[in-house]
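Please read all numbers here as calculations on a predicted model, not as lab measurements. For ligands, and for the atoms within them, numbers begin at 1 and follow the listed sequence.
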Amino acid sequence: MIYLDNAATTPMDSEVLETMIEYMKTEYGNPSSKYYPQALRAQEALKHAREQVAELLDCDQEYLLFTSGSTESNNFIIKGVAEKFSKKGKHIITSKIEHKSVLNTCKHLEKSGYEVTYVGNDELGHVNIEEIEAAIKEETILVSIMWGNNEIGTLNDIEKISELCRKKEVLFHTDATQVVGKINVNLKKIPVDFLSMSAHKIYGPKGIGIAYIGPDDLGLRMKLPSLLDGGDQEYKMRAGTHAMHNIVGFGKACEVAERDMDLYVLQILKLENKFKNELLKARPDITFNGDQDNKIPGLLSINIPGINNELFCKQVSNEIAISTGSACSISEGSYVLSNLNKPSSNNTIRFYLTFASEINDIIKTLLQALSTLK
Ligand code: PMP
């Protein structure tokens, strides 16, 4: 079985798993307790993991809050900003091709009287920055635009959007779930106010992520209202006992990503070129969605004329794990592809290659399956 659905989730790195086991066996202390060594060691481990994440994102560790993952971080940040700044205004800007955890959060807010502008994108999937600029008004409290798209891989010009928001004095959030560990995310160089990510997209465990809550005008971490009422954890903004096994695993995954990313990306790009060339040699009618010159390395959204993607994914499922698009909106057609003006999304397949991908085997299996279909 060749696993190529790494945009949905990645397997866990063996170094990560090893780090976690100790925290499920003997190091089960609660870092919010304080009287005995096990709890003190948990506090140290918590601090260390936060530093490891900060290193990867190039930011100060004090701005990072552990959450259960990007869905929670997106909800926490967008709803938190909406509540905190509702007196200033009730207008939010996002794009039509964000992940469901952003879109449905915005829909939720619309029901409570907020106005949301959903800006469009070009045919390669770049969100229209001019539309964002035109939409910003006095009442705008937040712009939320994803860094890289989970279905087609296209990268947005986050530096430019961040500059625009700064110039217009509007807070800016980016969902960076699919890009961390694959491109250079440097928050000192590209300052954003808020960022979301999940560990399980970078070979870490599921159920843990980060909400980056940047500094305000005074250089202090912004205080957002909590999603959950409860204890004092995470600067009183995210209640609930720390899932230490997940947190140390997440930290380790960030350390590995920081250490290995350049080599990993280089290898993936080599494989990707070979994969595309061989596929095109055999099937010149195949086309690729998204910006092929500026996208998430390894993520490929491919149109294969003449196939039904669902049947095809099932047909090859014993040999290759691939999907038709986002696992979070699998029950409906792809709104991302519809917004690229590609309404016939039922011949699109999403691949996410990794450096361990057996490229020759993948190509052979795919071409074999395609010829059988014919
Ligand atoms: N945003 C994007 C871009 C994603 O790809 C995902 C995961 N598919 C999420 C948010 C949600 O992440 P999680 O399921 O880990 O909460």
query: When you look at N308 and N346, which way does the side chain to side chain donor-acceptor pair (under 3.5 Å) test go after all the steps?
result: CA-CA 6 Å; N308 174 295; N346 61 1; over 6 Å; no

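- Qualifying ring-ring contact (aromatic ring centres under 6.0 Å, His included) partners for F76, counting only residues two or more places apart in sequence or in other chains: none.
- Looking at E98, H99, M146, it is H99 that brings a heavy atom closest to atom 4 (C) of ligand 1.
- At a cut-off of 3.5 Å, with distance as the only test, no side-chain donor of Q61 or E51 sits close to an acceptor on the other residue.
- For T71, heavy-atom contacts with ligand 1 shorter than 4.0 Å involve the backbone as well as the side chain.
- Ring centroids of Y352 and Y3 are separated by 6.0 Å or more, keeping the two rings apart.
- Short contacts between ligand 1 and S101, defined as distances under 4.0 Å to a heavy atom of the residue, involve ligand atoms 10 (C).
- Remark: K276 is positioned above the aromatic ring of F288, its terminal NZ or CZ atom under 6.0 angstrom from the ring centre and at most 45 degrees off the axis.
- Using 4.0 Å as the threshold, K201 has a heavy atom nearer than that to some atom of ligand 1.
- Counting heavy atoms closer than 4.0 Å to ligand 1, residue E72 contributes nothing at all.
- Of the N and O atoms on the side chains of T177 and S198, not one donor lies less than 3.5 Å from an acceptor on the other residue.
- If you look at S198 next to ligand 1, the close heavy atoms, those under 4.0 Å, all belong to the side chain.
- Contacts with ligand 1 closer than 4.0 Å are made by no heavy atom of K206, backbone or side chain.
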